[in-house]
Amino acid sequence: MTLPTQRRVARLWRHFRHDRTHVRRAFPKSLLDQVETRIADGERRHGAQLRLAIEASLPPAAVWRGVRPRTRALQVFGNLGIWDTEANNGVLLYVLLADRSVEIVADRAAARAIDEAQWRAITAELAAAFRKGDYAEGTLRAVDRIGELLAKAFPAGDAPADELPNRPALL
């Protein structure tokens, strides 16, 4: 087997082994409740929308085709309607457990207001926390940091109603 094929098979095996049990273990109900509360608290301080989506793994065909976490995050961004907020300032924090990958997708207004390097710093910090098995503190810290950036860019003022669910989406 060639090296790229070996990597593809190894990734396929990782995704095959990860299921909803891994999600429940890494993100128990108590942590999901805390995240939901933190997102709601943050949205009272800013006029943007934040959504966390957690996915255990990709389907085997997607892994074999080489679908990358960023590509999947963009699909989830669309599927969850995050692109459809009134002020175009929705933000997705996407977690793909099988790859221990974290992506942030920001809609047009949020992408213009917040530098890409700041998003990358948050994803790198969260991915490092996940590698240590620190899902709770890492996730809560990331949600808080995103909320702080959004509060600076989009102060609460005349914020529209809460347009997206605050509960993390388990895919």
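Not measured: the values here are computed from a predicted model. All values below come from the heavy atoms of this structure, side chains included, with hydrogens, waters and symmetry mates left out.
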Given V143, L164, N89, N166, the one that forms side-chain contact (heavy atoms from CB on, under 4.5 Å) with L50: V143

Quick check on the hydrophobic clustering: are V35 and I104 connected, directly or via other members, by side-chain heavy-atom contacts under 4.5 Å? yes

So which atom in A113 and which in A153 form the shortest heavy-atom distance, rounded to 0.1 Å? CB-CB, 3.7 Å

Applying salt bridge (Lys or Arg N to Asp or Glu O under 4.0 Å) to R45 and D41, what does each step give before you reach the verdict? CA-CA 7 Å; R45 294 188 314 272; D41 290 346; 5.7 Å; no

Could you tell me which non-hydrogen atom of I122 sits nearest to which non-hydrogen atom of A142, and how far apart they are? CG2-CB, 3.9 Å

Would you give the length of the straight line joining atom CZ of R38 to atom CG of D144, rounded to the nearest 0.5 angstrom? 4.5 Å

Is I82 linked to L171 within one hydrophobic cluster, defined over Ile, Leu, Val, Met, Phe, Trp and Tyr using a side-chain heavy-atom separation of less than 4.5 Å? yes

About how many Å separate CG of L140 and CG of L31, when rounded to the nearest 0.5 Å? 5.5 Å

Indicate the atoms forming the closest heavy-atom contact of A56 with R20, along with that distance. CB-N, 4.3 Å

Smallest separation among heavy atoms of W83 and G78, with atom names: NE1-O, 3.1 Å

Could you give the distance from OH (Y135) to CZ (R25), rounded to the nearest 0.5 Å? 9.5 Å

Hey, are H15 and D99 close enough side-chain-wise for a donor-acceptor pair under 3.5 Å? yes

Strictly distance-based, threshold 3.5 Å: is any side-chain N or O of D107 a donor or acceptor partner for the main-chain N or O of A110? no

Would you compute the distance between atom CD of Q34 and atom OG1 of T37 and round it to the nearest 0.5 angstrom? 8.0 Å

Is there a path of hydrophobic side-chain contacts, each under 4.5 Å between heavy atoms of I/L/V/M/F/W/Y residues, joining Y94 to L170? no

Without swapping roles, check the side chain of T139 against the backbone of A136 for a donor-acceptor pair under 3.5 Å. no

Donor-acceptor contact below 3.5 Å, side chain S57 vs main chain H18: yes

CD-CD distance between Q118 and E148, expressed to the nearest 0.5 angstrom: 11.0 Å

How many angstroms lie between atom CZ of R100 and atom CG of L126, to the nearest 0.5 angstrom? 12.5 Å

